[in-house]
Protein chains: 2
Amino acid sequence: MAQKRVTMADVAKLAGVSTTSVSLIMNNRQGTRLSAEAAIRVRAAADELGYRPNLTARALSTQKSHVIGFISEQVATDRLASGLIRGALQEAKRHGHVLFIAETEGEEGAVHDAVDALTDRQVDGIIYAATRPQSLHVPANVGSTPVVMLNAVSDDVADSVLADEYKGARNIIRLLLDAGHTENVVVLGRSLDHPADEWFTVAVQRRLAGIWDTLRERGVTPIAQLHCQPWSVINGYQAIHDLLQANVQPRAIICLNDRLAFGAYRALGEAGLKAGRDVAVVSFDDDDIAVYLDPMLTTAAAPFEEMGAHAVRLLLDGEHTPGEHLVPMPLRIRGSVKVPEKVGSRIEHPDDETNWVR
Amino acid sequence: MAQKRVTMADVAKLAGVSTTSVSLIMNNRQGTRLSAEAAIRVRAAADELGYRPNLTARALSTQKSHVIGFISEQVATDRLASGLIRGALQEAKRHGHVLFIAETEGEEGAVHDAVDALTDRQVDGIIYAATRPQSLHVPANVGSTPVVMLNAVSDDVADSVLADEYKGARNIIRLLLDAGHTENVVVLGRSLDHPADEWFTVAVQRRLAGIWDTLRERGVTPIAQLHCQPWSVINGYQAIHDLLQANVQPRAIICLNDRLAFGAYRALGEAGLKAGRDVAVVSFDDDDIAVYLDPMLTTAAAPFEEMGAHAVRLLLDGEHTPGEHLVPMPLRIRGSVKVPEKVGSRIEHPDDETNWVR
DNA sequence: GACGTAGGTCCTATGGAGGCC
DNA sequence: TGGCCTCCATAGGACCTACGT
């Protein structure tokens, strides 16, 4: 027999005041001269009854639900990008907000439905997230609800939170070169002269640009560009396998993501070579598998948690300047690159703030 | 300039009826004699204005929010158990519900706070989930909100959804034995005579019981029980490594989870042995890494999605009989066990319904 | 037979009322 | 007669529903 919740009216009765007074006092409204004594009575009554305001009713009356909607294709389930949710969740909690989660599973029209489901419940804002950076369409039924794109961009929305691919790429390449691996360098994942295709997203463009700009600055010319899409374990394996078969001996491999690196490890292993010892390997993302590898992978981490948190902050802060918001990619320096002691300490990192090593 | 949403009143005015009529018609209430013609007018007006009911207001008046709260320590972020959320999400969506997600990150008092945050928003029910089956305390402030434990149990709550560890174990062991691997069997992860400790949860007990009951039934006596906790890659590696050093040659390894299996693969590899070819390996969970391994791992999958969906169903169905709800663990038959063609087709699976092979 | 009125859900916002010196 | 302090009535917010016309 669901005993009902305590309402303001109950508190008011016990304290001998009106519900108005209870509301004013419980919300600590300034500028209203209610006697200190009344305030004490009301608070005591509220405590005694265990009163908690009904946020649904409050939302109805204030038009602010303190709820944020989180739409994604598969974020909650994608092990790489679930960090996005986690970051958003924590930040939302710190602001007394809660998250509605809706996943579209890539179904047609599911985004539209999700938006309906969320706006029908008066969310204060919507985060539209993707597991891989891409351009998405935001359905018109969001109406006037603020939207922030997370790990994605959209023509329909001003704000988007992205990883700083360019600087991240510069930093990890600098790390590689500073450690002395400047000969027989191979770039695995995408070649520069390949025509633009569906995989060639903004994020990829910037990642590539960061890599090549830095190589050129240092006067390093790779001995091979291995193109393969998608960036899967098997494709990484195949590419390096073929390279070795052709009797080309890489001394450093720049992998465009961790899965390619995983594949590269295998191909190297079959040839009796070992990452870290015979071949330096750097990569991107800091996928979970990065630390399962032997040796563990040095990689520029996708800063998902921080990105998720930032998206929430943007939504709650109406004052920010709209546009692209770039979050630094921290380097995870591990065994796949041998960094000589003396070199390690004098590695230059002009783009300093992006170098969150841990 | 947030143009306001259209309300029932707007529709009523356009259709020339009262809001009552709009409510009755939009909700398809039976037994109310409104003219068919009025219904048509109302629907047309609603369409024209793009009317959508405000679910916050509806929740306030009906006391049903069509929202389910999902509390967990780290489910959204745990790559193994995020399937729980996904399943819940899909099932909720199918019933027109939406999920609030709250994570506790294991902080003290966070569960209590999460419950407050959810009940303040009038959720219709709460799912309390864990990444590893365990017994949890449910704070009293849930009040009369229905709660279902997911991948967990609690003294405070009747309903819990768990994987059917016992039958799952029986089935995977049968598979192994039916494939002819009955000699030199090793059990990796926990030994029977080890005293109960924090790791010895109900789930583990049942998993173990399923394994040993089946071995005994078939008259198979393992040549070794390797005990190690936690069930990590490194511990799995170490245990098998030591075994091989001691010159014991296993022909079949029953791993208590996939991470142990991963470690076992490595130790075997170093000794020039290969899973599937020289040693049959079976395991539990169907972690993501299971398909990254070479050969891919044969394992009894933790049916997380189905469990999540089931929890939602329980919450929405007030009529079910309370108690433990066991969800079958499907076998994922892959390369780590060689199943002779003729054997494969005549493997017996008395516990039939649990054998969702895919 | 076909519909509307009024009151309920719980909280907030506003103006104004009563008491006292 | 005013001014100050303390408080509350009322009117929303958008919806549902029992009853009445």
Side-chain angles (χ1 to χ4, degrees), chain A residues 2-43 45-46 49-67 96 119-124 143, chain B residues 2-42 45-46 49-67 119-124 143:
Chain A
Q3 70 281 23
K4 350 179 145 47
R5 262 174 88 97
V6 181
T7 72
M8 260 183 22
D10 300 323
V11 177
K13 193 158 60 174
L14 182 58
V17 297
S18 74
T19 59
T20 307
S21 307
V22 176
S23 170
L24 295 175
I25 289 167
M26 294 308 282
N27 290 330
N28 288 316
R29 289 285 294 279
Q30 303 302 323
T32 157
R33 304 138 203 283
L34 288 173
S35 64
E37 187 231 339
I40 292 174
R41 278 213 318 281
V42 167
R43 285 187 211 287
L49 299 176
Y51 169 71
R52 307 212 96 235
N54 179 327
L55 297 191
T56 305
R58 177 180 288 174
L60 188 58
S61 124
T62 60
Q63 312 283 31
K64 303 222 100 278
S65 59
H66 285 228
V67 175
T119 53
D120 287 354
R121 290 175 171 89
Q122 307 204 141
V123 295
D124 292 343
Chain B
Q3 70 281 22
K4 346 181 150 46
R5 267 174 84 100
V6 314
T7 72
M8 258 181 27
D10 299 323
V11 176
K13 193 157 61 171
L14 181 60
V17 298
S18 73
T19 58
T20 305
S21 308
V22 176
S23 170
L24 295 175
I25 289 167
M26 294 309 282
N27 291 329
N28 289 316
R29 288 288 293 280
Q30 303 302 324
T32 158
R33 308 136 205 281
L34 288 173
S35 64
E37 187 230 338
I40 292 174
R41 278 212 319 281
V42 167
L49 298 176
Y51 169 72
R52 307 211 95 236
N54 179 328
L55 297 191
T56 307
R58 177 180 290 173
L60 188 57
S61 105
T62 59
Q63 311 284 32
K64 304 223 99 277
S65 60
H66 285 229
V67 175
T119 53
D120 287 354
R121 291 178 171 85
Q122 309 204 141
V123 295
D124 292 344

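These numbers come from the heavy atoms of this one structure, side chains and all, not from hydrogens, waters or symmetry mates. So you know, we letter chains A, B, ... as the sequences are listed, proteins then strands, and number each from 1. Since the structure is predicted, the reported quantities are computational estimates derived from the model, not experimental observations.
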For [X] and [N], what is the distance between atoms [atom1] and [atom2] respectively, to the nearest whole Å?
X	N	atom1	atom2	value
Asn54(A)	dC10(C)	CG	C1'	6 Å
Leu24(B)	dC16(D)	CG	P	9 Å
Leu55(A)	dC11(C)	CG	P	9 Å

Thr20(B), Ile25(B), Asn27(B) screened by side-chain contact (heavy atoms from CB on, under 4.5 Å) with Ser23(B), the one that passes: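 Exactly one option meets the side-chain contact (heavy atoms from CB on, under 4.5 Å) with Ser23(B), and it is Asn27(B).
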With a 4.0 Å cut-off on heavy atoms, is [X] in touch with a base, just the backbone sugar-phosphate, or nothing at all?
X	result
Thr62(B)	sugar-phosphate
Thr20(A)	base
Ala59(B)	nothing
Val22(A)	nothing
Ser18(B)	base
Met8(A)	base

Most 5' of Ser21(B) and Val6(A) on DNA chain C, judged by nearest nucleotide: Ser21(B)
No-hydrogen, no-angle side-chain donor-acceptor test under 3.5 Å, Ser18(A) and Ser21(A):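 On atom types as modelled, these side chains qualify, holding a pair under 3.5 Å.
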Can a side chain N or O of [X] be found less than 4.0 Å away from OP1 or OP2 on [N]?
X	N	result
Ser61(B)	dA14(D)	no
Asn27(B)	dC16(D)	yes
Ser23(A)	dT12(C)	yes
Thr19(B)	dA14(D)	no

5' precedence on DNA chain D between Ala57(B) and Arg29(B) (nearest-nucleotide basis):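 Result of the comparison: Ala57(B).
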Expected output: side-chain Ser65(B) to main-chain Gln122(B) donor-acceptor under 3.5 Å: yes
